[in-house]
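Working notes, structure below.
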Amino acid sequence: MISDKVRVRFAPSPTGYLHVGGLRTALYNYLYAKKNNGVFVLRIEDTDQNRKVEGAVENLIKTLNWAGLRYDEGPVTGGEHGPYVQSERLDIYKEHADRLVKEGKAYYCFCSKERLELLRKEQEEKKLQPVYDKHCLKLSKQEIQEKINDGFPYVIRLNIRPNENVVVKDIIRGIVEFSTSTVDDQVLLKSDGFPTYHLANVIDDHYMKITHVIRGEEWLPSTPKHVLLYNYFGWEVPSFAHLPLLLNPDRSKLSKRQGDVAVESYAEKGYLKEALVNFVALLGWNAGDDREFYYLNELVDAFSLERVNKAGAVFDIQKLDWLNAEHLRKLDDATLAGMLKEELAAGELKDLIPGDETLLKIVSCMRERISFIKEIPVNAPYLFRKPDSYEEKGLQKGWKAETPAHLNEILPKYEALENPVKDDYERVLRETAESLGIGAGKLIHPLRLAVSGVSGGPGLFDIFDVIGQKEVVERIKTAVEKIRI
RNA sequence: GGCGCGUUCGUCUAGCGGUUCAGGACGCUGCCCUCUCAAGGCAGAGAUCACGGGUUCGAAUCCCGUACGCGCUACCA
């Protein structure tokens, strides 16, 4: 047995940001580990020197932490099976590649890029599978040694015997079979001395005692190479679970071209980590019931790999937005008020931030009306400052010839109130309506317009309570003066 | 082209041979509630379960084929 404990890993390459597909892969690994009292390992796959991005690893870790996916072993944190960054394990890969060469399971290849391109072109023209033709396998020991001594650049390739069957057992897809005749003699060690993904991944998973390889479906076609490598090394093969892809609305693999894929940019847009994690968990998995709202710890309890779907899932922003609203409403007013304060401080209303008590009132009356905190200043700027115009639609519907007279009736009563609370505004209004012999609506609608400039929003008295008596009076006066119909 | 994977309402999905002329959620429409807008409640539209063959008394569910989609096919992961 590889390990008596479940050990899984998330192994991203540091390309600068965390892809939402990567987030889901990381999440499923995390959930599986936690569910089984196992260990969640983070490993950095930085074997491509051309794609190195400064600060990418730090960013990756930061984003994973933001999402709440704490890893047990990995860079910075450390662990018994490190180092957890592949570029720090180069000699391990070299040593193992050499071992395969010695045993005839891999071989040196000195072919130039030009020859390989030509070969591929020929094969394509003949409609053959573009695979390496084992040209360098024919080289004698002496020829090889000479070339190495002469400083020829070389790679090490996996030596695959054709006409054999490789069976991959996948937890999600069942048994998948491949013929070795369709598997290329994959490069294991590149001419710059770095390993390819295939070599590094197998070696690391073995030494890090990974029991379950949970990764994206795009890896399924290269899994036979990995199985063969485990066999060649004489190592136990871990369990595989290939996750369905996350898709664009047109059902192609989720990509940058068709919207945001960086977890960081969702965070910046104001999505809650709880919502993103919840949403992404449901893309390709469900517990078998109707439940859709989960916190991370609840996902741990409910999760199982067996219930992961096979088909790709379209990333549906509308549903994410809905879940964000759901999670937002579960937060208490104080938390929401804190978020609002931060949001305001970063925007153009930064000089008009109300006191904490008022902030609390604002979130309390706006919470049912928003999916994002940032919608508060956008949808209800009148909670912070006077309206600069009056909505045409509202004027037509609610502002009648007699309206100014009605408002002039209630205005002095509002002015006369002393330290009014919300109920006082309402009491006065209802009394006034009654004495005028009109419905309360005849006052409420124009007052809403006068005070907010728009015809929708929180309850009128909530608005009054937020902006305060002085503003209420001033805004009514202004409206009566300015609105002419 | 080859290899592999997949295919239930627009989208995410339930369903693992019969109680389903297919259930839930998002979105959409309408009604109720209501000072408005939301939220909430209710109702509705929306899927010949990709198609064609089998197996079976009986199939969305099992098997085969076809189509379509997607992935892989690099000294990228």
Side-chain angles (χ1 to χ4, degrees), chain A residues 11-15 45-51 109 111 113 116 120 123-124 126-131 153-157 168 170 172-173 176-179 181-184 186-198 200-201 215-224 242 244-245 247 249-253 279 282-293 309-323 325 329 365-371 379-380 394 397-398 426 429 439-445 447-449 452 454-461 463:
Chain A
S13 57
T15 52
E45 310 233 327
D46 59 344
T47 55
D48 186 353
Q49 288 303 87
N50 302 320
R51 293 216 294 185
C109 171
C111 289
K113 261 207 164 69
L116 293 175
R120 190 168 311 139
Q123 288 165 330
E124 272 168 18
K126 292 181 195 157
K127 303 222 173 200
L128 292 170
Q129 173 110 338
V131 291
Y154 65 88
V155 300
I156 292 179
R157 285 180 185 275
V168 175
D170 189 278
I172 295 167
R173 283 151 220 283
V176 184
E177 285 186 77
F178 298 86
S179 163
S181 302
T182 66
V183 180
D184 198 6
Q186 185 62 233
V187 169
L188 299 177
L189 204 69
K190 302 185 255 189
S191 54
D192 63 0
F194 278 70
T196 58
Y197 170 84
H198 308 283
N201 145 269
R215 69 212 327 184
E217 189 188 351
E218 69 267 29
W219 294 111
L220 189 53
S222 50
T223 307
H242 287 95
L245 261 19
L247 272 24
D250 71 356
R251 305 204 75 85
S252 58
K253 186 165 140 182
F279 175 66
L282 256 18
L283 288 176
W285 170 87
N286 74 87
D289 52 26
D290 289 338
R291 184 167 179 195
E292 303 212 85
F293 187 93
N309 288 143
K310 295 180 178 76
V314 173
F315 193 89
D316 177 15
I317 300 269
Q318 276 190 324
K319 192 151 187 178
L320 206 209
D321 288 354
W322 167 75
L323 257 183
R329 290 189 196 115
C365 71
M366 286 300 289
R367 58 183 303 143
E368 295 296 333
R369 275 163 255 267
I370 52 164
S371 295
N379 296 353
K397 262 183 91 177
E426 178 157 13
L429 184 136
K442 285 271 189 304
L443 289 174
I444 288 175
H445 295 299
L447 279 174
R448 168 184 297 284
L449 201 61
S452 74
V454 294
S455 57
L460 180 65
F461 309 111
I463 298 177

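Sequence lines set the chain letters: A, B, ... in the order given, protein chains first and strands last, and positions in each chain run from 1.
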Nearest listed nucleotide, side chain of [X], among [options]:
| X | options | answer |
| --- | --- | --- |
| A/Ala311 | B/G6, B/G4, B/C35 | B/G6 |
| A/Arg51 | B/C12, B/C75, B/C76 | B/C76 |
| A/Glu218 | B/G1, B/G27, B/G71 | B/G71 |
| A/Trp219 | B/C3, B/A77, B/C12 | B/A77 |
| A/Arg173 | B/C5, B/C75, B/U73 | B/C5 |

Does OP1 or OP2 of B/C72 have a side-chain N or O of A/Lys253 closer than 4.0 Å?
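Indeed, a polar side-chain atom of A/Lys253 lies that close.
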So, is A/Lys190 near the phosphate of B/A77, with a side-chain N or O under 4.0 Å from OP1 or OP2?
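For B/A77, OP1/OP2 do have a side-chain N/O of A/Lys190 under 4.0 Å.
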Using Watson-Crick or G-U wobble geometry with both distances under 3.5 Å, which nucleotide pairs with B/G71?
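Looking at the geometry, B/G71 pairs with B/C3.
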Can you measure A/Asp289 atom CG to B/C12 atom C1' for me and round it to whole angstrom units?
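After rounding, the gap between these two atoms is 14 Å.
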Using a 4.0 Å heavy-atom cut-off, does A/Glu124 contact any base of the nucleic acid, only the sugar-phosphate backbone, or nothing at all?
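Nothing, no nucleic acid heavy atom in range.
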Classify the side chain of A/Ser191 and the base of B/C75 as holding, or not holding, a donor-acceptor pair under 3.5 Å.
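Result: at least one qualifying N/O pair found.
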Heavy-atom donor-acceptor pair, A/Arg369 side-chain to B/C37 base, under 3.5 Å:
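Yes.
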